[in-house]
Visitor: 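My structure is below; once you've seen it, I'll send some questions.
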2 protein chains.
Amino acid sequence: MEKYVELLKRTQLFSGVKDTEITSMLHCLQAKLLTFKKGDYVFREGEHIDKLTILAEGKLLVQRDDFWGNRSIVNVIRIGEMFGEAYVAPESGSLLNDVIAEEDSTVIFFDVRRILTVCSTACRFHSMVVQNLFFAISEKNRKLVQKIDHMSKRSTRAKLLSYLSEEAKRHNNNRFTIPFTRQQLADFLCVDRSAMSNELCKMRDEGLLQFDKNKFILL
Amino acid sequence: MEKYVELLKRTQLFSGVKDTEITSMLHCLQAKLLTFKKGDYVFREGEHIDKLTILAEGKLLVQRDDFWGNRSIVNVIRIGEMFGEAYVAPESGSLLNDVIAEEDSTVIFFDVRRILTVCSTACRFHSMVVQNLFFAISEKNRKLVQKIDHMSKRSTRAKLLSYLSEEAKRHNNNRFTIPFTRQQLADFLCVDRSAMSNELCKMRDEGLLQFDKNKFILL
DNA sequence: ACAAGTCTGTTGTTTTTACAACAAAAGGAG
DNA sequence: CTCCTTTTGTTGTAAAAACAACAGACTTGT
């Protein structure tokens with residue numbers, strides 16, 4: 001656990017909290033470390049969760065398979081990112097998605113109740129963490145709206161352009177790497193993989209962009 | 001303003017706060033009342049907002065028109081509901097959507113900075129409001145994921161079924177009224193109106209549901 | 001009550017997407 | 001290195017959605 005203090009220091013949740021304070025908060029929040037093999041479920045849809053998690057190693061996908069077997073990827077959790085913020089609130093209902101390890105992963109679990117119930121004596125920085133959590137949920141909220149914006153586009157091409165240009169903007173660079181395989185990108189944008197692959201190649205042939213695997217260049 | 005204390009008492013933000021305390025908080029948060037005619041912009045995409053708002057009268061739509069003129073409705077704000085929570089955080093960037101009065105509307109504006117900076121002396125219930133705000137953002141987050149879930153469905157029919165069955169579940173009743181005209185529902189689900197209208201009628205003919213205007217019955 | 005405008009359902013046509021199937025390329029395990 | 005699996009691009013066909021255009025029902029304002 002101690003080895004992840006450096007990582008935690010750079011996360012949104014512990015932003016501005018010092019090493020020694022993080023160490024004491026790990027106890028206060030009853031932090032636990034769990035590992036998952038590729039393909040393992042971290043959470044299942046329908047579960048009632050009372051844990052906030054930060055990813056220490058690997059990669060997670062927040063996704064959902066519907067009745068017809070179509071998969072929809074809602075979000076990717078990368079190292080240092082969080083999952084479960086939206087379920088910190090009491091009466092937040094059951095989880096709407098599966099969370100699955102896309103690679104062998106290590107996840108830090110925090111006790112939710114310990115976060116909201118400020119322990120004034122032990123952790124002076126508890127309130128700062130609560131505020132960080134607040135801003136984190138706020139930011140995830142805006143990201144979800146952005147995703148809705150991509151998905152709202154009518155054609156596969158428009159969805160791709162919307163997503164890719166946002167990634168370019170986010171990286172401040174027209175060269176960037178996406179965290180998806182083709183199938184995953186299709187599941188993220190909710191379109192058919194082969195149709196999307198086709199569209200990507202057309203766009204490349206038209207000189208709109210270049211790509212190699214999951215490295216893209218917008219032109 | 002005083003006439004809306006009863007309304008505010010029943011909102012998520014002021015849940016658990018007494019009348020007299022709400023009255024004093026209205027000053028503390030520099031509450032201001034503004035009215036909008038049908039079609040007026042309450043906020044515009046790209047704006048930097050520093051106000052939290054609660055709708056007192058009318059109806060608002062959170063929407064966005066893309067390059068090709070396709071409109072996407074992200075959310076409806078009904079009386080007592082809130083907009084702007086996700087932009088309370090500093091550095092939350094510019095607004096991603098337009099907010100438009102769908103009917104003549106009255107909106108209460110609160111100063112965001114006053115909400116986050118707890119004034120310990122004046123308002124004992126300030127911290128409760130902050131917590132309420134926290135839970136509200138959290139809930140909106142989950143609602144956005146639900147919307148993504150509807151939109152992720154591949155066919156118009158599946159999108160409709162996903163949306164309508166959630167509404168039925170939310171109302172605890174297979175009879176319910178939706179807050180949309182056909183065009184708006186189409187914009188909300190990001191599909192073509194006529195195709196959707198067609199699909200609705202097919203579903204009715206197959207005995208899956210009944211409808212009259214925006215009243216629906218699932219069978 | 002009337003006229004103008006909006007909303008809804010309906011139809012036919014065009015375009016796009018989904019689906020299925022396969023081959024080539026890349027990556028991994030033994 | 002070789003075999004096996006996964007990923008990606010490609011194609012043809014079937015299905016679905018978008019688009020356009022219009023008529024009737026319903027609203028709204030005068």
Side-chain angles (χ1 to χ4, degrees), chain A residues 37-39 59 61 65-73 102-104 150-162 177-206 208-216, chain B residues 37-39 59 61 65-73 100 102-104 150-163 177-206 208-216:
Chain A
K37 291 276 175 205
K38 176 174 179 173
K59 177 150 79 164
L61 292 181
D65 298 316
D66 75 9
F67 185 76
W68 298 271
N70 287 115
R71 173 161 299 171
S72 157
I73 296 178
E102 223 261 310
E103 308 168 355
D104 290 356
H150 302 144
M151 290 176 68
S152 75
K153 299 293 184 294
R154 299 304 208 268
S155 69
T156 299
R157 172 174 294 217
K159 287 188 176 88
L160 280 167
L161 285 174
S162 178
T177 303
I178 64 171
F180 296 123
T181 66
R182 289 284 179 285
Q183 181 64 59
Q184 289 172 341
L185 179 57
D187 290 342
F188 184 75
L189 298 176
C190 302
V191 296
D192 179 72
R193 180 199 62 80
S194 68
M196 187 194 73
S197 199
N198 200 295
E199 201 63 37
L200 271 175
C201 293
K202 274 191 215 163
M203 289 161 80
R204 179 193 54 198
D205 297 344
E206 290 173 25
L208 285 173
L209 48 78
Q210 291 172 20
F211 55 87
D212 175 47
K213 300 263 165 51
N214 52 355
K215 292 184 187 62
F216 285 78
Chain B
K37 291 273 175 208
K38 175 173 179 171
K59 176 149 78 164
L61 291 181
D65 298 316
D66 74 11
F67 184 77
W68 298 272
N70 286 115
R71 172 161 299 171
S72 156
I73 296 178
I100 295 185
E102 223 261 310
E103 308 169 354
D104 291 355
H150 302 143
M151 290 176 68
S152 74
K153 300 291 184 294
R154 298 304 207 268
S155 68
T156 298
R157 172 174 293 218
K159 288 187 176 87
L160 280 167
L161 285 174
S162 178
Y163 170 70
T177 303
I178 65 171
F180 297 123
T181 66
R182 289 285 180 282
Q183 182 64 59
Q184 289 172 341
L185 178 57
D187 291 341
F188 184 76
L189 299 177
C190 302
V191 296
D192 179 72
R193 180 198 62 81
S194 69
M196 187 194 74
S197 200
N198 201 295
E199 202 63 38
L200 271 175
C201 292
K202 275 191 213 163
M203 288 161 80
R204 179 193 54 198
D205 297 344
E206 291 173 24
L208 285 172
L209 48 77
Q210 291 173 20
F211 55 85
D212 175 48
K213 300 259 168 52
N214 52 355
K215 292 185 189 61
F216 286 78

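A, B, ... follow the sequence lines: proteins, then strands. Residue 1 opens every chain.
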Visitor: Between OG of Ser155(B) and CG of Leu161(B), what distance do you get to the nearest 0.5 Å?
Guide: 8.0 Å
Visitor: Extract all donor-acceptor atom pairs below 3.5 Å that involve side chains of residues 193-200 of chain A and protein atoms in other chains or at least two apart in sequence.
Guide:
| unit_1 | atom_1 | unit_2 | atom_2 | d |
| --- | --- | --- | --- | --- |
| Ser194(A) | OG | Asp192(A) | OD2 | 2.6 |
| Glu199(A) | OE2 | Arg157(A) | NE | 2.9 |
| Glu199(A) | OE2 | Arg157(A) | NH2 | 3.3 |

Visitor: Between Arg154(A) and Arg204(A), which residue's closest nucleotide on DNA chain D lies nearer the 5′ terminus?
Guide: Arg204(A)
Visitor: Could you tell me whether Ser197(B) contacts a base, only the sugar-phosphate backbone, or nothing, with contacts defined as non-hydrogen atoms closer than 4.0 Å?
Guide: base
Visitor: Tell me which residues in residues 185-193 of chain A lie within less than 4.0 Å of DNA chain D, going by non-hydrogen atoms.
Guide: Arg193(A)
Visitor: Run the side-chain contact (heavy atoms from CB on, under 4.5 Å) test against Gln210(A) and tell me which residues pass, sequence neighbours left out.
Guide: Ile217(A), Leu219(A)
Visitor: When rounded to the nearest 0.5 angstrom, what is the spacing between CD1 in Ile100(B) and NZ in Lys38(B)?
Guide: 12.0 Å
Visitor: Regarding Thr156(A), tell me which of base, sugar-phosphate or nothing describes its non-hydrogen contacts under 4.0 Å with the strands shown.
Guide: sugar-phosphate
Visitor: Who pairs with Phe216(A) by ring pair (Phe, Tyr, Trp, His ring centres under 6.0 Å), at least two apart in sequence or on another chain?
Guide: Phe211(A)
Visitor: Can you name the nearest heavy-atom pair linking Lys153(B) to Asp66(A), along with the distance?
Guide: CD-OD2, 3.5 Å
Visitor: What pair of heavy atoms forms the shortest contact from Met151(A) to Cys190(A), and how long is it?
Guide: CE-SG, 3.5 Å
Visitor: Indicate, with a heavy-atom threshold strictly under 4.0 Å, whether Phe180(B) touches base, sugar-phosphate, or nothing.
Guide: nothing
Visitor: Test of understanding: with side-chain contact (heavy atoms from CB on, under 4.5 Å), list the residues that count as partners of Gln184(A), not counting sequence neighbours.
Guide: Leu61(A), Ile73(A), Glu102(A), Phe180(A), Thr181(A)
Visitor: Give a yes or no answer on whether the side chain of Lys59(A) reaches the backbone of Glu103(A) with a donor-acceptor pair at less than 3.5 Å.
Guide: no
Visitor: I need the Ser72(B) OG to Arg154(A) CZ distance, nearest 0.5 Å.
Guide: 7.5 Å
Visitor: List in chain and number order the residues that pass salt bridge (charged side-chain N to carboxylate O under 4.0 Å, His left out) with Asp65(B), two or more places apart in sequence or in another chain; answer none if no residue qualifies.
Guide: Arg71(B)
Visitor: Please round to 10 degrees the angle between the axis of the first five pairs and the axis of the last five pairs in the helix from dA1(C)-dT30(D) to dG30(C)-dC1(D).
Guide: 60°
Visitor: So, taking the atom named CG in Asn214(A) and the one named CG in Leu185(A), what distance separates them when rounded to the nearest 0.5 Å?
Guide: 10.0 Å
Visitor: Could you pull out all residues at least two apart from Gln183(B) that satisfy side-chain hydrogen bond (donor to acceptor under 3.5 Å, both in side chains)?
Guide: Asp187(B)
Visitor: Check every nucleotide of DNA chain C for an atom under 4.0 Å from a heavy-atom of chain A, then give the first and the last such nucleotide from 5' to 3'.
Guide: dT17(C) to dG27(C)
Visitor: Tell me, please, the opening and closing nucleotides of DNA chain D, 5' to 3', among those with an atom under 4.0 angstrom from a non-hydrogen atom of chain B.
Guide: dA17(D) to dT27(D)
